Amino acid sequence: MTILAHRDYRAGDRYHADVIVVGTGAGGGVVGTELAELGHDVLFVEEGGYHPTSSFNPYLTESLPRLYRDAGGTIIMGRPPIPYAEGRCVGGGTVVNGGMTWRPPEKVLQDWQDLTGCPDLGPRAMERLFDRVESRIHAKPQRPESIGQDSRLLEEGARRLGWRYDQNRRAQDRCAGSNQCLTGCPTGAKQSTLLSYLPMAFARGARCLTEVRVDRLWIERGRCIGVIGKAINPRTRQADMEIRVHGKAVVIACGAVQTPFLLQRHKLGRPSRQLGKNFLCHPNAKVVALYPHDIHAWQGVSQAGQIREFRDEGILIAENAVPPGTAAAQIPFLGQEAFDLMKRYNAMAMTGVLVEDSHAGTVTRSFGAPMAKYSITRYDHERFLRGVRHLATLHFEMGADEVILPFSNFHLAKSVDDLSRIESTQRSRSTIELFTVHMMGTCRMGVEPRSSIVNLDGEVWDLPGCYVADASLFPTAVGVNPQVTIMALATRVAERLTLRN
Amino acid sequence: MVLIPVLERHPDDGWTLAVPMTVSPRMRRLLLKLADAILPDRPRTDATLDTVIDHALVSLQYMPRSSARTFLLGTQVLNWLPLLRFRGLRPLTALPKDTARRHLVAATKSKWLPVRVLMYGPLGLFMSSYFDQDYVHRELDYAPKPFVEERIQLRRKWLEESDG
C-alpha cells in the first residue's frame with residue numbers, strides 16, 4: 001500500500017500515472033478503485049491526511065481539524081447563512097457522514113433521463129450501478145441491538161401520529177451503534193471508502209499522495225495532462241513544495257464546492273456559463289427536544305431511520321445525535337445558562353428537518369477561496385416552518401418538556417400550544433438557523449455544452465482529458481442522502497472513461 | 001484486519017496537529033475576553049481559557065487565510081459591540097465579564113442578521129472546544145470512551161460468531 005505524506009516529498013517531485021484522481025471520498029474513492037480494477041495505474045491525490053480506523057477517537061478538538069475541511073468552520077453565504085461540513089481526509093466525506101444509502105426517488109432519475117435525454121441516467125439503467133455500489137459498501141438495515149433510544153422514540157412518535165417511518169439502510173458491516181459516525185467510526189463497521197473501496201484499489205497497485213492540495217490543472221495543447229499542487233506542511237499548514245502529477249486522464253472529485261473552484265481557475269465551462277451555478281445543498285434545521293428522563297442519544301446508531309411521511313413535499317425528518325461540543329455550539333445560550341441546558345444533554349433528542357432545494361445557489365472564487373452563495377426561497381421557508389412544527393409536535397406527543405426551535409427570535413417552545421406562534425413570529429427568512437452536509441450540482445452533466453459543464457461520460461466539455469466524478473454532476477437535487485448516487489455516477493464515469501496516449 | 005483504536009486523545013499515528021496561529025498579544029487578550037464571556041463559569045480549570053483559545057488558533061490554521069482573517073476581524077468588530085449597540089463607549093475588553101456577556105447575548109438575539117453572524121465563529125469554536133474537555137464530560141455524565149470500547153467488543157463478538 002503506497003500512501004505518501006508531506007514528509008515523503010521533495011521540492012519539484014513529479015509523479016506519473018494512467019489516471020489521476022483528485023479526492024478519495026464517495027466520488028474519487030469509487031472511480032479510482034473501479035479504474036484500478038480495470039487494470040489502470042491510478043494515483044489518488046488527497047488534500048487531507050491518512051487516518052486509519054485505529055487512530056479515531058471521540059474527541060471533537062482532534063477530529064474536526066484532522067477529518068473536516070477548514071476544521072468544520074465553513075459557511076454558505078446567503079439568507080440565512082448556512083454552516084456546512086465536508087470531509088477532508090483519505091475517505092473524504094464517507095469517513096464523517098452517517099453512511100445512509102438511500103437511492104434517489106424514481107421520479108428524480110426519470111427527471112434526469114428527461115433533462116439529459118439519456119436513458120442511461122433513468123431508473124432502470126441506474127439500478128445496475130446502485131446494486132453494485134450497495135453490495136460493495138454492505139448497504140443494509142441496522143441490527144436491532146445497535147439502535148438507540150432516540151431513534152426508537154422517533155419511530156414510536158411517528159407510529160402514534162400515523163406517519164410513515166422507514167428504517168435506513170446504511171453502509172455498514174455489523175454496526176454496533178457506537179454513534180461516532182461524525183468523528184470516524186472507531187469500530188470499523190462503517191463502510192466508508194477508507195475501508196470498502198480504497199483497500200481494493202491499493203491491492204491493485206493504486207497509490208495515494210496525501211497532504212497535497214491541487215491548485216491548478218496541467219493543460220497542454222488544450223488537453224488536461226495532469227495536476228499541479230502544493231504539499232501542505234502538517235505543522236505549519238503552509239503549502240511549501242510544488243508537486244506535479246502527469247497522466248493520461250484526470251478525474252476531479254473534490255465535492256460540489258471545491259470541484260468548480262478548481263475548474264474556475266482555468267475559466268472553463270464557457271459554452272454554458274454554468275460552472276459553479278446550480279448549487280444545491282438540502283438545508284437542514286435542528287430541533288432539540290428535552291425530555292423529563294434520560295434517553296442517552298449518544299448511545300446507539302445515529303439515524304436508524306427517517307420519517308418519510310412528508311417526502312412528497314420534499315421534507316424529511318430524522319434524529320441525528322451529535323457530541324456535546326457540537327450540540328453546545330448550536331444552542332442559543334451563553335455562559336452558565338448554556339451549561340445548565342447542556343447538563344440535560346443525556347435527556348436531549350437531537351433531531352432535524354431536511355428540505356429539498358427548490359432553487360439553486362452559486363459557487364465562485366473569492367480572495368483565493370471558494371465562496372458558496374445560497375438563499376432559501378419563501379417556498380422552502382414555508383416547508384421548514386411546517387417540518388419544524390411537525391417534528392416539535394411529535395416531541396410533545398412523546399412527552400418532551402421543552403423543544404428548542406431553530407429560530408433566532410423564538411427558541412423555546414414549552415408546549416404544543418406555543419407552536420402556533422411559529423407562523424406569526426417567522427415572517428423573515430433571516431431568523432431561521434440552518435446547516436447542511438449535502439452539497440451538489442455545480443458541474444451538471446448534460447447532452448450539450450450550451451447547458452452543462454460535463455458530457456454524459458463525465459468529461460468536461462471544453463477540456464478533454466478532464467473528468468468530474470462527484471456530487472457536482474447532479475442535474476437536480478436528489479432529495480435524499482446523496483452518497484450512493486455519487487458512488488453510482490462515479491462507477492459510471494469509470495466505465496466510460498477512455499484513455500488516450 | 002482493522003486495528004482496535006486506543007481511543008485516547010492525540011494517538012500517535014504519525015499525524016500532527018498544526019501549531020496555533022500566531023496572533024498579537026492584543027488579539028489574544030481579546031480572544032480570552034470573548035471566551036471568558038461566552039463559556040460557562042463552572043466547571044473550569046486554570047488552563048481552560050488558554051486551551052480553548054489554543055484550539056481556536058489551531059483550527060484557524062486549517063482554514064483559508066481569508067477565512068481566518070475574517071474571523072479575527074469579526075472578533076475586533078465584536079469588541080466594539082457596546083458602541084455598535086449605542087450602549088457604551090468602551091470595548092468589551094474594558095468591561096467586566098458579566099457586562100460583556102450581556103452584550104454578546106444580545107448579539108446572538110439581534111434582529112440584524114450580520115450581527116448574529118459575527119457570533120457564529122466564536123460560539124462554534126469556543127463551545128465545541130470547551131464541551132470536549134474531560135472534566136466537562138464528567139459533569140454532563142457523558143463518557144464516550146467506555147461506551148465505545150464496549151461497542152468495539154460487541155462487534156468483535158459478532159465478527160467471531162460469524163467466523164465460527
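On a predicted model such as this, the values are computed, not experimentally measured, just so you know. Side chains are part of it too, since the values below use all heavy atoms of this structure and drop only hydrogens, waters and symmetry mates. All chains are named by letter (A, B, ...) in the order of the sequence lines, taking the proteins before the strands, and each is independently numbered beginning at 1.
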Would you mind checking which part of B/L113 comes under 4.5 Å of any heavy atom in chain A, side chain (CB onward), backbone (N, CA, C, O), both or neither?
-> side chain
Taking atom CG of A/D70 and atom CD of B/Q61, what is their separation to the nearest 0.5 Å?
-> 12.5 Å
Side chain / backbone / both / neither for B/D98 at chain A, heavy atoms under 4.5 Å | neither
Are the side chain of A/R66 and the backbone of B/L17 linked by a donor-acceptor contact shorter than 3.5 Å?
-> no
Atom CZ of A/R365: over 12 foreign heavy atoms under 6.0 Å | yes
Where the side chain of A/N346 meets the backbone of B/D141, is there a donor-acceptor pair that is under 3.5 Å apart?
-> yes
Do side-chain atoms of A/R88 reach the backbone of B/Y62 as a donor and acceptor pair under 3.5 angstrom?
-> yes
Is the shortest heavy-atom distance from the side chain of B/K145 to the side chain of A/Y59 under 4.5 Å?
-> yes
Under 4.5 Å heavy-atom distance to chain A, tell me which part of B/F147 shows up: side chain, backbone, both or neither.
-> side chain
Part of residues 42-55 of chain B lying next to chain A, heavy-atom separation under 4.5 Å | B/R42, B/P43, B/H55
What distance do A/W298 atom CH2 and B/Y142 atom OH have between them, rounded to the nearest 0.5 Å?
-> 6.5 Å
Would you mind checking which part of A/F367 comes under 4.5 Å of any heavy atom in chain B, side chain (CB onward), backbone (N, CA, C, O), both or neither?
-> both
Could you tell me whether the side chains of B/S162 and A/R174 share a donor-acceptor contact shorter than 3.5 Å?
-> yes
Is the number of heavy atoms from other residues, nucleotides or ligands under 6.0 Å of B/F86 CZ greater than 12?
-> no
Against chain B, label A/R344 side chain, backbone, both or neither, depending on which of its atoms sit under 4.5 Å from a heavy atom there.
-> neither
In terms of heavy-atom proximity below 4.5 Å to chain B, should A/P323 be classed as side chain, backbone, both, or neither?
-> both
Is the closest side-chain heavy-atom distance between A/S178 and B/I152 below 4.5 Å?
-> no
Would you say B/D132's side chain and A/L60's backbone share a donor-acceptor pair under 3.5 angstrom?
-> yes
By a 4.5 Å heavy-atom criterion (distance strictly below it), what part of A/Q180 contacts chain B: side chain, backbone, both, or neither?
-> side chain
Enclosure of A/K140 NZ (heavy-atom neighbours >12, cutoff 6.0 Å) = yes
B/E139 versus A/K343, closest heavy-atom pair with distance = O-NZ, 3.2 Å
Residues B/R151 and A/S146: closest non-hydrogen pair is NH1-CA, 4.1 Å
At a heavy-atom separation under 4.5 Å, does A/T61 approach chain B through its side chain, its backbone, both, or neither?
-> both
What pairs of donor and acceptor atoms, side-chain ones from residues 115-124 of chain B against any protein atom, are under 3.5 angstrom apart with sequence neighbours left out?
unit_1	atom_1	unit_2	atom_2	d
B/R116	NE	A/S408	OG	3.4
B/R116	NH1	B/S110	O	2.7
B/R116	NH2	A/S430	O	2.5

Chain B interface, residue from A/G368, A/G177, A/P83 that has the most non-hydrogen pairs under 4.5 Å | A/G177
dist A/H6:NE2 -> B/T16:OG1 (nearest 0.5 Å) comes out at 10.5 Å
When rounded to the nearest 0.5 angstrom, what distance separates CZ in B/R65 from CZ in A/R237?
-> 9.0 Å
Counting only heavy atoms closer than 4.5 Å, note whether A/I75 contacts chain B via side chain, backbone, both or neither.
-> side chain
Could you give all pairs that pass the salt bridge (Lys or Arg N to Asp or Glu O under 4.0 Å) test and reach residues 99-110 of chain B, with sequence neighbours left out?
-> B/D41-B/R101
Should the heavy atoms of other residues, nucleotides or ligands under 6.0 Å from NZ of B/K157 be counted, would the total exceed 12?
-> no
Taken to the nearest 0.5 Å, the spacing of A/D173 CG from B/R155 CZ works out to 5.0 Å
Residues two or more places apart in sequence or in another chain: which of them pass ring-ring contact (aromatic ring centres under 6.0 Å, His included) with A/F339?
-> none
What part of B/Y130 is in contact with chain A, defined as an atom under 4.5 angstrom from a non-hydrogen atom: side chain, backbone, both or neither?
-> side chain
Check whether A/N233 gets within reach of chain B through its side chain, its backbone, both or neither, counting any heavy atom under 4.5 Å.
-> neither
What part of B/S59 lies closer than 4.5 angstrom to a heavy atom of chain A: side chain, backbone, both or neither?
-> both
Do you know which of A/A71, A/A329, A/A176, A/A327 has the most heavy-atom pairs with chain B at a distance under 4.5 angstrom?
-> A/A176
Considering only heavy atoms, which portion of A/Q330 lies under 4.5 Å from any heavy atom of chain B: side chain, backbone, both, or neither?
-> neither
Could you grab the distance from atom CG of B/L154 to atom CZ of A/R143, nearest 0.5 Å is fine?
-> 8.0 Å
Top of A/P199, A/G72, A/P370, A/A189 for chain B proximity - count of heavy-atom pairs under 4.5 angstrom = A/A189
